[in-house]
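What follows is a single structure, written as structure tokens, with notes after it.
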Amino acid sequence: MFGMLRPCSHGAEKYGIDASTWRTHMCGLCLGLRDGHGQLARAATNTDAIVLSVLTEAQMSGSVGRTTAGPCALRGMRRAEVASADSPGVLLAATASLLLGSAKIRDHVDDGDSSVLTRRPMTKVSSRWADRARSQAALIGFDVEPLVAAISSQARLEALASASARPSAAAESTARSHEPSAVDASPAGPSDFGSAESTATPSPAFGGVDSSRAGSAESTGRALLGSTRKTSKNASRIVSLDDLTAPTQICAAEFFAHTAVLADRPENIAALREAGRHFGRIAHLADAVEDFDADRTRGRFNPLAATGTTMPQAYDILRQSDSHLRKAVAQVELDQVPTIRWMLLDPLHALVRRVGRGVGATAHACSTSRHTASMQYPMPPGTGFEKPPRRPGIGEALALVLGVYCTGYACCADHTNPCSGKRKDAWIKNCDCGDCCDCGDCCNCCDCDGCCCDGCGCDC
């Protein structure tokens, strides 16, 4: 199970929402993957993709499809009303889960996270899920090919970034040691994020999506693919951080926009495409921050290291994207606004705050400025890096996949990742209670006029 969004059941009570709504959509997606693509496909369940099902329903007026699911261990062997597996939102969420799951498996294979014996079967699963995503997308009129092209372009972008960063790595390291500020520095790429205007417009040279001009997944995907091919002939082109996150932005933008198509709300397409683009940027950068130490230790590519972006700068970009996403969602005509706040906006804001605390950019939003941190990455070798865990062997990895992921055990118990060997918390433990403010009620302790609720984008 993949994804970064974890809505808090206590937050549902604040909005007057049934906390089982999240489980309704998650179980609907899981069963939809099982019924349409087999038991193994349930491992592709993506908690972020659940938002697509929620967004689709939130734009629909009238009753929504529900079906009674049989007993499940994750529900204490109880039956439950879940989203129908054939509903448009679940079909879109299943398409996203299969496509992103395929890309994630392929990424693990390319990074060498799997043993030699498991690479072939993992590659086959990746290809099969990609084919299933295409067939699923055809059922809902969604052209997935430009997104596949965008995902495929990621490897070329990373190769170009590595090639352009390698000759100047020593010079950049020397210059960085003399920088007086962690936030105001201007490395290649992130300097473009200094204003709201530049944040909303990724580099067109690599196919970034400008919401004022973006018309379809086909045009944006082809633009990205063509531009990377041209740039591959000129490796001296400096690849910016926004260039590296462009494929993720495109995929999330088009998935978000298609929820409006399925709900027959064309007036929402542009705003949702903009919201999805910032969602993709947040997802990509948050993952880069989390994996920074492990990537450096194992010599793997990391977009922050490749572009010379410091952790406080990455956090600043995340905050800006979170603010712009909230503003975009505020423009969408929704019939279930509290549900979207609970399932999308609050968990995303909590994620950004966790990243800020993790990199030292902020200790507590009510009393500490995000500019107080002076810690910069990359750090000198041997300082603060944890020893990477032992990766499971082929037999152990297969046992973990079959016993932990295919059965859903990972949702309710701590477990070992079969690819990396890292210990992972159970999904049910990832509750973001009170994460908007450490005092538990931001609206009473911060002068932000309700930061959790009205999309002001402030840091509390």
Chi angles and distances behind the side-chain hydrogen bond (donor to acceptor under 3.5 Å, both in side chains) call for Q320, S323:
CA-CA 5 Å; Q320 291 179 33; S323 176; over 6 Å; no

Going by heavy atoms in the side chains, are T245 and Q154 under 4.5 Å from each other?
no

Separation of H349 NE2 from L325 CG (nearest 0.5 Å):
12.0 Å

Would you please test Q331 and E274 for side chain to side chain contact (heavy atoms under 4.5 Å, CB included) and show each step?
CA-CA 10 Å; Q331 299 173 16; E274 178 73 1; over 6 Å; no

Any sub-3.5 Å donor-acceptor pair from D48's side-chain atoms to L5's backbone N or O?
yes

Write down the atom of F301, the atom of A306, and the distance for their closest heavy-atom approach.
CE1-CB, 3.4 Å

Salt bridge R128-D131, side-chain N to carboxylate O under 4.0 Å:
no

Going by heavy atoms in the side chains, are L348 and M4 under 4.5 Å from each other?
yes

Would a 4.5 Å heavy-atom cut-off, applied to side chains only, mark T339 and Y15 as touching?
no

Look at atom CG of D18 and say whether more than 12 heavy atoms of other residues, nucleotides or ligands are closer to it than 6.0 Å.
yes

If I compare all heavy atoms of A263 with all of M60, which pair ends up nearest, and what's the gap?
CB-CG, 3.9 Å

Could you tell me whether a side-chain N or O of E158 sits under 3.5 Å from a main-chain N or O of A155, the two making a donor and an acceptor?
no

E267 atom CD: more than 12 heavy-atom contacts under 6.0 Å:
yes

Check whether S152 reaches the backbone of V148 with its side chain - one donor and one acceptor, N or O, closer than 3.5 Å.
yes

Would you please test K104 and S126 for side chain to side chain contact (heavy atoms under 4.5 Å, CB included) and show each step?
CA-CA 8 Å; K104 193 172 185 70; S126 175; over 6 Å; no

When you measure from the side chain of N268 to the backbone of V332, do you find a donor-acceptor pair of N or O atoms at a distance under 3.5 Å?
no

Which class fits the ring pair H258 and F142: parallel under 30°, tilted 30 to 60°, perpendicular over 60°?
tilted

Can you check whether I317 reaches L285 side chain to side chain, under 4.5 Å on heavy atoms?
yes

Can you measure from CD (E57) to OG (S87) and round to the nearest 0.5 angstrom?
6.0 Å

Can we say D293 and R298 salt-bridge, meaning some charged N sits less than 4.0 Å from an Asp/Glu carboxylate O?
no

Between G101 and W129, which heavy-atom pair has the shortest distance, and what is it?
C-CE3, 3.8 Å

Are the side chains of L318 and L351 in touch, meaning some heavy atoms are under 4.5 Å apart?
no

So, T45 side chain and R42 main chain: donor-acceptor pair closer than 3.5 Å or not?
yes

Heavy atoms from other residues, nucleotides or ligands near CZ of R66 exceed 12 (cutoff 6.0 Å):
yes

Roughly how far, to the nearest 0.5 Å, is CZ of R273 from CZ of F255?
13.0 Å

Taking it one step at a time, do F279 and L344 satisfy side chain to side chain contact (heavy atoms under 4.5 Å, CB included)?
CA-CA 10 Å; F279 181 90; L344 173 61; 3.8 Å; yes

Determine, step by step, whether H284 and T248 satisfy the side-chain hydrogen bond (donor to acceptor under 3.5 Å, both in side chains) criterion, reporting the C-alpha distance in whole Å, the side-chain angles of both residues, the deciding distance to 0.1 Å, and the verdict.
CA-CA 7 Å; H284 198 132; T248 311; 2.8 Å; yes

Could you walk me through whether V329 and R326 pass side chain to side chain contact (heavy atoms under 4.5 Å, CB included), step by step?
CA-CA 5 Å; V329 170; R326 287 170 169 268; 5.9 Å; no

Any idea which heavy atoms bring H37 and A41 closest together, and the distance?
CB-CB, 3.6 Å

Hey, does V289 have a side-chain heavy atom less than 4.5 Å from the side chain of M311?
yes

Does the T24 side chain pair with the main chain of V82, one donor and one acceptor, at a distance under 3.5 Å?
no

To the nearest 0.5 Å, what is the distance between CG on N302 and CG on D287?
8.5 Å

What heavy-atom pair brings A93 and L29 nearest, and what distance separates the two atoms?
C-CD1, 3.7 Å

Please identify each residue that fulfils side-chain hydrogen bond (donor to acceptor under 3.5 Å, both in side chains) with D86, with sequence neighbours left out.
none

Quick check against the 3.5 Å criterion: does S97 have a side-chain atom that pairs as donor or acceptor with the backbone of A94?
no

Could you tell me the separation between the NE2 atom of H278 and the NZ atom of K327, rounded to the nearest 0.5 Å?
9.5 Å

Do P7 and D346 touch side chain to side chain, with heavy atoms closer than 4.5 Å?
no

Are R281 and D242 ion-paired here, with the side-chain N under 4.0 Å from a carboxylate O?
yes

What pairs with T259 under side-chain contact (heavy atoms from CB on, under 4.5 Å), at least two apart in sequence or on another chain?
L52, L55, T56, Q59, L92, L272

Rounded to the nearest 0.5 angstrom, the CE-OG1 distance for M343 and T47 is 11.5 Å

Checking the side chain of W342 only, and the main-chain atoms of C8 only, is there a donor and an acceptor separated by less than 3.5 Å?
yes

Provide the closest heavy-atom pair for A314 versus T309 in the form atom of the first, atom of the second, distance.
N-CG2, 3.9 Å

Donor-acceptor contact present, side-chain D243 to main-chain S240, <3.5 Å
yes

Apply the test side-chain hydrogen bond (donor to acceptor under 3.5 Å, both in side chains) to residues S84 and T67: give CA-CA distance (whole Å), side-chain angles for both, the deciding distance (0.1 Å), then the verdict.
CA-CA 5 Å; S84 299; T67 186; 5.4 Å; no

Could you tell me if the side chain of V125 sits less than 4.5 Å from the side chain of M122, heavy atoms only?
no

Has R265 got a side-chain atom pairing as donor or acceptor with E333's backbone, closer than 3.5 angstrom?
yes

